[in-house]
Amino acid sequence: MIGLMQDWPLLCHKILDYAAIQHGGREIVSRSVEGPIVRTTYAQARARALKVAQRLERAGFSEGDRIATMAWNTANHLEAWYGINGIGAVYHTLNPRLFPEQIAWIMNHAEDKALFVDLTFLPLAEKIVPQVPTIRQVVVFTDAAHMPQTSLANAIAYEEWLKEADGDFAWKTLDENAACGMCYTSGTTGDPKGVVYSHRSNVLHALIASTPNAMGISARDVVMPVVPMFHANAWGLAQSAPMVGSKLVMPGGRMDGEAIWELLDGEKVSFTAAVPTVWLMLLQYLEQTGKALPHLKRVVIGGSACPRAMTEKFEKNYDVEVVHAWGMTEMSPLGSLCTMKPDYAGLTGEARLDIAQKQGFAPFGVEMKVTDDDDVEHPWDGRTFGRLKVRGPAVARAYYGGAGADQFDEDGWFDTGDVAHIDPHGYMQITDRAKDVIKSGGEWISTIDLENLAVGHPDVAEAAAIGIAHPKWDERPLLVVVRKEGRQTTKEELLEFFAGKIAKWWMPDDVVFVDQIPHTATGKIQKTTLRDQFRDYRLPTA
Ligand code: ADP
């Protein structure tokens, strides 16, 4: 027997329709690339997105075409995503922090047909676009007055381009399984791999993301996605904020502590999200200036492990709730969030911090398991770690073009490449990336635990643990440390600080101090480069 309910395809542009109808006057505030703060509303954003769609169609673009964007978080970028989706085309976000050759490789792999680009990245586009023969049109997010000279023959200012459309356009009706977005993973090993979101997966992800156990945002919130739209689908906020009618604050290209604080304070932001590096800059700025965060209620921190000291500072000094989250591009990207179930809700102090360090539990729509190398499931005991596998309606079932097929099994489980354990209440904790874990005498040492502990020391700015070859134990940990400016802590002091906090056999065999640690295009520690750098390092214990 078939249900008798309506077939209402889950399409992304319906989210913007809804926002315009029910929350039409709600603001989208952007720090523009030209400088000034620009204010628009959901109703206006929808009107302009319709023009984008109409203009794209007139220029001959159609369903399934990949349209690249290389831009900061602004209302322009947001309306372009919806306009692209409105004709059934696919927004393809490019991370400008990658090397130009890598970006060109990705664009050629995706066969992008057009590019929307911010002024900031026009010089970069001038280098790349000539290497991508499929690109027919470059639209620069600016107006005629700010449009610079460019070597790109097919470039036009966004506002000029939009002028040729009146917005009298109807969205295309599509199959909800049609592709709507594309994002390549950074590819720290091998070539980048393309993840292809569908309208259905993005809509379901936005519904899941906004529930109270997850991000818990509503029409009463002022949401600032600091996480860029070019990193892992902006953690779904470009869909979930309009879906619930939150006011949106788009920080543009400035991520320094002062710029972020100005928007948090001036726009009364209640909810924000980004990687730990951004919050490190903000907390430093607050400490230097004595400023506070009177409006901010919740901050979601993920992308890499949130250090305990960061959670403690936000909660103790600024009365802001930290929600630690884990996810990946392949998961749209949310996989788990550390909000409190009743079992943990009453905890305070150190006991609460112990839980807040975990990456949290999976919301509805994410199935999770931890297995050994032979796919035998580990118990949820909060100790036994292994390969973290997931499945769900917003999890990739393949990469574009069939790359990385060995990460997907016949039962639909996707091997995340992360190593984790799950506790009896369902709280997952990442201990490592599978390729970063240190294998000592057949047992695994978590580099994340060592790093978190190290940055808890008052003199340490950043730390990375890597495995160094050892004749007896196979590998032993080396801790690479960047000291805070003007601080002089020693190896002995650090190891003393570690004593009693971890198992003896986890103690680093050596500590080296460096001026800086290499980072990836998404702000994570680049372990591959670091391992290369220390390839010939001999441990004193070897
Ligand atoms: P990229 O690898 O391109 O930076 P992703 O955002 O897809 O992009 O990276 C996902 C990976 O980031 C995860 O597989 C995991 O290793 C790591 N990660 C994400 N969130 C956390 C977290 N809260 N703690 C530890 N690692 C995390």
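Counting starts at 1 for both ligands and their atoms, in listed order.
The shortest N or O to N or O distance between His324 and ligand 1 is under 3.5 Å. Between Gly303 and ligand 1, at least one pair of N/O atoms sits closer than 3.5 Å. For the pair Ala325 and ligand 1, the shortest N or O to N or O distance falls below 3.5 Å. Geometrically, ligand 1 and Thr520 share no nitrogen or oxygen pair separated by less than 3.5 Å. Some N or O of Thr329 is nearer than 3.5 Å to an N or O of ligand 1, by distance alone. When only interatomic distances are considered, the shortest N/O to N/O separation between Gly302 and ligand 1 does not fall below 3.5 Å.
Judged by distance alone, the side chain of Lys193 and the main-chain N or O of Gly404 form no donor-acceptor pair under 3.5 Å.
Taking the charged nitrogens against the carboxylate oxygens, Asp415 and Arg387 do have a contact shorter than 4.0 Å, which makes a salt bridge.
Atoms of ligand 1 found under 4.0 Å from any heavy atom of Thr522 (numbered from 1 in listed order, with element): 1 (P), 4 (O).
Two rings, from Phe121 and Trp72, have their centers less than 6.0 Å apart. Checked against the 6.0 Å centroid threshold, Tyr197 and His205 do not count as a close aromatic pair.
Listed by chain and number, the residues in a side chain to side chain donor-acceptor pair (under 3.5 Å) with Asp432 are Thr447 (sequence neighbours excluded).
Residue Ser304 places a heavy atom less than 4.0 Å from ligand 1.
Taking both residues in full, the closest heavy atoms of Ser440 and Arg476 are given as OG-NH1, 3.0 Å, listed atom of the first, atom of the second, then distance.
For the pair Gln239 and Asn233, the minimum side-chain heavy-atom distance is below 4.5 Å.
Across Glu330, Lys524, Gln359, His231, heavy-atom proximity to atom 24 (N) of ligand 1 is greatest for Gln359.
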